[in-house]
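Written out below as structure tokens is the structure these notes cover.
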Amino acid sequence: MDWEQLELNPRIIAAVKKADFRSAREILSVSGPDLQRLTRLSQSDVQQLQAAVAASYRRHPPVTALQLYRGECPRLESGHRLTLSCPVLDALLRGGLPLRGITELAGQSGAGKSQLGLQLCLSVQFPQQYGGLNSGAVYICTEDSFPIRRLQQLVSQQGHLRPEVPQDLLHNIPFTDNIYIHHAADLVALQTCVSQRLPILLARGRVRLLVVDSVAALFRCEFQAQESVERARHLMAFAATLQRLSQQYAAAVLCINQVTDVLEGSAPAQSSLGLEEATVLPALGMAWANQVMIRLMMTRLQGTVAMGDQTSAPRRLEVVFAPHLPRASCVCGVWKEGVRGYQNLFPSQGNKFQ
């Protein structure tokens, strides 16, 4: 590293060279007391050195809590987002899915998670003026076969879900041709897809959305309970690949997750994960939760709601945590044309569907 590029006193730079430090990584991997001992610099000099080296590695300016509260985070609030094709759902996420980072959608079987994943695979193909990315999607199945019949039904109903889009545009988009389906039977196939095949499609501009349905299936079945450390290592490697591709190509990533029951007497730190007093929690524990930027929870509620001549069980889509979103939720239903919200946003704490 060229130490002269750092805004440091020449005396500090000379001490660093004399101690035979050759890279910024070496500086950041050594503790402050050890740096003092090796360079014979004072504590204040070492602090200046560490701050200057860390600043040289920082790609983006820091963001304050006040900026996050006001929605002024440049990396999260500016630029385009991927619409969920519903004004109520988009309002919950302040415009839709962000194009950087991992978004997790967890819920029990039958909650409507895959329905929302299919809906995003269609919305990504619209031009940007209609909330899309004018690109395709990769859908990785790790459990059941791909729901092709439901996808075809959603395609035929796009005119009802998106009435603001001109009909000629709807007819000109080859929706099913722009969805690349991959069935991953094991972790090797999954890692091969995301590390070798997916980057090719992203580099060519063929896709801007990845849906993994589901992320927990393979990690749950291929590791025993006593292999939690090894599972966490593979999880972090998988998540790092997704995050790198999302950042590099500004692609949205949606990971659908299973849930696990909360056992009585579980430690609070292990059982909350942003869902206090919940009976089920997203699978894969803290190792996976720490890799997720946005956690959404979809819950099937009691009762029935109607819209026109259709009926549906109500669902609650809840923001569990996100760096730029408040804790809130909305109620939606799964209809013939897709997932649509029918109720305004309301705080998630202490509310029950009537």
Side-chain angles (χ1 to χ4, degrees), residues 1-79 94 98-104 228-251 253 267-270 272-274 284-295 319-327:
M1 180 176 181
D2 187 2
W3 300 108
E4 279 71 17
Q5 293 181 352
L6 301 179
E7 296 183 2
L8 289 170
N9 189 301
R11 175 178 53 82
I12 299 178
I13 295 176
V16 170
K17 291 181 177 180
K18 186 176 181 180
D20 200 26
F21 283 103
R22 300 180 180 179
S23 68
R25 183 182 297 272
E26 293 180 4
I27 295 292
L28 296 177
S29 63
V30 177
S31 66
D34 286 341
L35 278 177
Q36 285 184 254
R37 178 177 54 83
L38 294 171
T39 60
R40 300 185 181 278
L41 293 171
S42 65
Q43 182 179 2
S44 60
D45 289 340
V46 167
Q47 290 175 347
Q48 292 180 35
L49 173 62
Q50 290 175 321
V53 172
S56 69
Y57 260 65
R58 189 170 56 212
R59 297 180 180 179
H60 305 284
V63 179
T64 66
L66 182 59
Q67 286 177 298
L68 288 175
Y69 178 77
R70 292 176 175 175
E72 299 173 353
C73 179
R75 300 190 299 278
L76 295 174
E77 295 300 326
S78 62
R94 287 186 180 173
L99 305 186
R100 288 177 173 82
I102 299 174
T103 300
E104 177 199 54
S228 58
V229 174
E230 184 69 10
R231 186 183 75 170
R233 187 178 68 82
H234 281 83
L235 262 176
M236 289 187 286
F238 174 69
T241 302
L242 297 185
Q243 291 168 347
R244 175 177 55 81
L245 293 175
S246 178
Q247 293 286 340
Q248 183 176 354
Y249 296 102
V253 176
Q270 297 176 343
S272 64
L273 297 176
L284 302 179
M286 290 296 295
W288 170 252
N290 288 332
Q291 313 303 317
V292 173
M293 184 178 73
I294 300 175
R295 166 164 284 178
V319 177
V320 180
F321 62 72
H324 63 298
L325 297 174
R327 182 80 181 270

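Keep in mind that this is a model prediction, so the values were computed, not measured.
- The shortest side-chain heavy-atom distance between Ile102 and Ser246 does not fall under the 4.5 Å cut-off.
- Under a cut-off of 6.0 angstrom, the local environment of CD in Gln43 is sparse, with at most 12 non-hydrogen atoms contributed by other residues, nucleotides or ligands.
- Using a 4.5 Å heavy-atom threshold, the side chains of Asp45 and Arg11 count as touching.
- Each of Ile13, Asn9, Ile12 was scored for a side-chain contact (heavy atoms from CB on, under 4.5 Å) with Leu49, with one residue passing: Ile12.
- Considering CD1 of Ile294 and CD of Glu104, their distance stands at 11.0 Å, rounded to 0.5 Å.
- Here the side chains of Gln48 and Ser42 are not in contact, with every heavy-atom distance at 4.5 Å or above.
- Using a 4.5 Å heavy-atom cutoff, the side chains of Pro98 and Thr103 are in contact.
- Between Glu26 and Arg22, the shortest heavy-atom distance links the atoms OE1-N, 3.1 Å.
- In this structure a side-chain-to-backbone donor-acceptor pair under 3.5 Å is missing from Thr39 to Val16.
- For the residue pair Leu41 and Ala15, the shortest heavy atom distance occurs at CD2-CB, 3.7 Å.
- Taking Phe21 as the reference, nothing meets the ring pair (Phe, Tyr, Trp, His ring centres under 6.0 Å) condition, with sequence neighbours excluded.
- In terms of heavy-atom proximity, Ala239 sits nearest to Trp288 at CB-CZ3, 4.0 Å.
- Of all the heavy atoms in Met293 and Arg100, the pair that sits closest is CE-O, 3.0 Å.
- The main-chain N or O of Gln291 is found under 3.5 Å from a side-chain atom of Gln243 such that the two form a donor-acceptor pair.
- Leu35 places a side-chain heavy atom less than 4.5 Å from the side chain of Gln50.
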